[in-house]
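Data first, discussion second: the structure below is written as structure tokens.
The sequence lines fix the lettering, A, B, ..., with proteins before strands; numbering per chain opens at 1.
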Protein chains: 2
Amino acid sequence: MFSYRIEATTGSARAGSLTLPHGTVQTPAFMPVGTHGAVRGLHPAEVERAGAQIILGNTYHLHLRPGEDVVRTMGGLHRFSTWPRPMLTDSGGFQVFSLQGLRKVTEQGVEFVSHIDGGIRTITPESAMEIQVALGADIAMAFDHVVPGQATHEHAEEGMERTLRWLSRCRRRHEELVQPSVQTLWPIIQGGTHPDLRLRSLEGILERGPWTGIAIGGLSVGEPKPVMHRVLEEIVPAIPAAQPRYLMGVGFPEDLVEGIARGVDLFDCVAATRNGRHGSAWTMSGRVNVRNASNRTSEAPLDSDCDCETCGRFSLGYLRHLFVAQEILALRLVSIHNIRFLIRVTELARAAIVAGTFAEWSRDWLDRYHRAA
Amino acid sequence: MFSYRIEATTGSARAGSLTLPHGTVQTPAFMPVGTHGAVRGLHPAEVERAGAQIILGNTYHLHLRPGEDVVRTMGGLHRFSTWPRPMLTDSGGFQVFSLQGLRKVTEQGVEFVSHIDGGIRTITPESAMEIQVALGADIAMAFDHVVPGQATHEHAEEGMERTLRWLSRCRRRHEELVQPSVQTLWPIIQGGTHPDLRLRSLEGILERGPWTGIAIGGLSVGEPKPVMHRVLEEIVPAIPAAQPRYLMGVGFPEDLVEGIARGVDLFDCVAATRNGRHGSAWTMSGRVNVRNASNRTSEAPLDSDCDCETCGRFSLGYLRHLFVAQEILALRLVSIHNIRFLIRVTELARAAIVAGTFAEWSRDWLDRYHRAA
């Protein structure tokens, strides 16, 4: 049920197939984020037509609303949301550590203030598993202690070591709750920007294995991009090749290409839909602010290189009008473009890896993208 | 290009075909309202799939944003919005008379304050034609002087007589601007709730003809429903049978059935999308407030009788969750249902008229609907 097959490699970049209970994901792949069991602003059929093979659900948000008991009663997140393809849930760790309402971290778990009703809630490694099993995604994530990108060695070490201790508790509880054929659990490498801690984290994870995939957390949390690249270069080669590697919370289009070049297989990020809702679109000719007055009578598509449903049908002038008139269709149409743009980057990268031309393709792509930016 | 053929009648109710430059509309028909060149919250493909044969664009809103010059430059409202089927634009009369910002009505036209920028604008019968010709819908509406539902005989007469004088100016300007094969102009019967004024209005309209269709305006503006029915019963039989009749700004589901029974062929109303955005749905089992806590774990569709895309895919429990979590997909899904609900009423009515069973069908439908309400 959970297998990963590598089909081609170019340098560190890999093209593979990740088989999951709800289908097979061809990697590298980008996962749109469905915070509340819906990719924001989009219909599941639109997400499918944009080429998404797997989406992510947020445990923190779904725990608060509608609550995992509702989702379980409704047959799990797949049935509830009508998303038919694979799904992954995060553990809530990133959300509770990045929210203002964080109250207290103890060895037991994290106490935080709900952003919905101000009530005090607790998530522990065990409850993070209970929630995710109730949600029923193909892949559940371990509950981790996330530290900021600028964390000192001491602070990062504390978070990393706690994440390992919590991983043992996650694994135990997850095994009690669910058959291994139904849902798998992936661990998360922590350790901030400190190579020794990252390697120690991976070592601790492998001691607690086996696993069907391994995630890299705590990146894209405030550190400069070259630092993120260096961490990837140091840690990814140490991950056993047979494991799919998921870089959490990344990224922007260039982050996908840089990550794939360094051996990453899976990505997720809210930027596609968040930027879409603000009228900001990625294109190979640079970032387009749809609202710009210069687009007023543009009959061109948002991105003439794009094969998405928005670019195939609507003019930039019309999209601008919808934004200016505050028509909510606007948010949807630009979000569709942005999601398709990221998915297409992964499709093009995969084709180049399979064709053995990834080194040239990625160099040309990055050149063109940065020149336009 | 503009012809109307009656295919069947039962009592006053008619089933017909209205041929327009962008296609044929089978009547009775409901027109969803696309205020800013988009039915609020919906993709034109969704509006088509809900069965809409014709939609309405608002001249007032499109004049202010993006402006008719932009729409003309972009090839007209059909091309701009990508809506491929017939379209009708109102004249802006209803909007300027119902807005708070109304400044002054003179014989020349109406001065009002833009709700966008507070600027003072004027619409005259001539400029209403210029704007609508630039928008390029299949059907343009005459610029009318609308009075409230409680207007006195004197006030209603003033508005009705002015509407007739304005109609002559509309017709003259429209003929100067556009070929009769491209866009047609429909007059509007005014006269408030006063039968003598309504008949005088129709008489004045017919004196200024010929026309390809006739609208009834100034109803559903605050008068009780039995009064609206009485006005329809008095005025519709006097309209030549060959003219398609359009009851403006109406209605709710029961208004469609009551209107069709009294010989109306076309309707428009914003309630379907406005209620949809507030989570209020029409069903044959009564009005459903999607947000109700009792829907929390309902696996049933919003309306088990409905064939819309929303009811075919999503549970009421999921729709409720989307509303509570403020996911904008919620607004779309309930709007699709409400639009489909109204269109289906017209489809069922048409089938009953053709089958000769409209009298029983409409009685049963109204009984069932009112019992559930």
Side-chain contact test, heavy atoms from C-beta onward, threshold under 4.5 Å: evaluate it for B:Cys311 versus B:His337 and give yes or no.
yes
Measure B:Glu299 against the heavy atoms of chain A and call it side chain, backbone, both or neither at under 4.5 Å.
both
Using modelled atom types only, decide if a donor and an acceptor are shared between the side chain of B:Glu309 and the backbone of B:Ala50 within a distance under 3.5 Å.
no
Residues of residues 75-89 of chain A with any heavy atom under 4.5 Å of a heavy atom in chain B:
A:Arg79, A:Phe80, A:Ser81, A:Thr82, A:Pro84
Check each atom of B:Thr73 against the heavy atoms of chain A and say whether the ones under 4.5 Å are side chain, backbone, both or neither.
both
Interface moiety of B:Ala45 toward chain A, non-hydrogen atoms closer than 4.5 Å:
both
Relative to chain A, which segment of B:Ile116 carries a heavy atom at a distance below 4.5 Å: side chain, backbone, both, or neither?
neither
Quick one: of A:Thr35, A:Val324, A:Leu331, A:Val71, who has the most non-hydrogen atom pairs under 4.5 Å with chain B?
A:Val324
Flag side-chain contact, heavy atom, 4.5 Å: A:Met74 against B:His321
no
Decide if atom CZ of B:Arg103 counts as having more than 12 heavy atoms of other residues, nucleotides or ligands within a radius under 6.0 Å.
no
Decide yes or no for A:Val25 and A:Met31: does some side-chain heavy atom of the first lie under 4.5 Å from some side-chain heavy atom of the second?
no
What heavy-atom pair brings A:Leu102 and A:Phe112 nearest, and what distance separates the two atoms?
CA-CB, 4.2 Å
Under a 4.5 Å heavy-atom criterion, the part of residues 55-68 of chain A in contact with chain B comprises A:Leu62, A:Arg65, A:Pro66
Taking side chain as everything from C-beta outward and backbone as N, CA, C, O, which of these in B:Glu46 sits under 4.5 Å from a heavy atom of chain A? Side chain, backbone, both or neither.
side chain
side-chain hydrogen bond (donor to acceptor under 3.5 Å, both in side chains) partners of B:Arg320, counting only residues at least two apart
none
Walk me through it: do A:Glu347 and A:Arg340 pass the test salt bridge (Lys or Arg N to Asp or Glu O under 4.0 Å)?
CA-CA 10 Å; A:Glu347 289 174 357; A:Arg340 178 66 196 145; 2.8 Å; yes
With chain B, the option among A:Leu329, A:Val39, A:Asp69, A:Leu322 that has the most non-hydrogen atom pairs under 4.5 Å is A:Leu329
Just by distance, with hydrogens left out, do A:Ser114 and A:Asp117 show a side-chain donor and acceptor under 3.5 Å apart?
yes
Are more than 12 heavy atoms, taken from residues, nucleotides or ligands other than A:Phe94, located less than 6.0 Å from that residue's CZ atom?
no
Does any non-hydrogen side-chain atom of A:Phe314 lie less than 4.5 Å from one of B:Pro44?
yes
Residues of residues 272-292 of chain A under 4.5 Å from chain B (heavy atom pairs)?
none
Can a donor-acceptor pair be found, under 3.5 Å and without considering hydrogens, that links the side chain of B:Gln183 to the backbone of B:Ala137?
yes
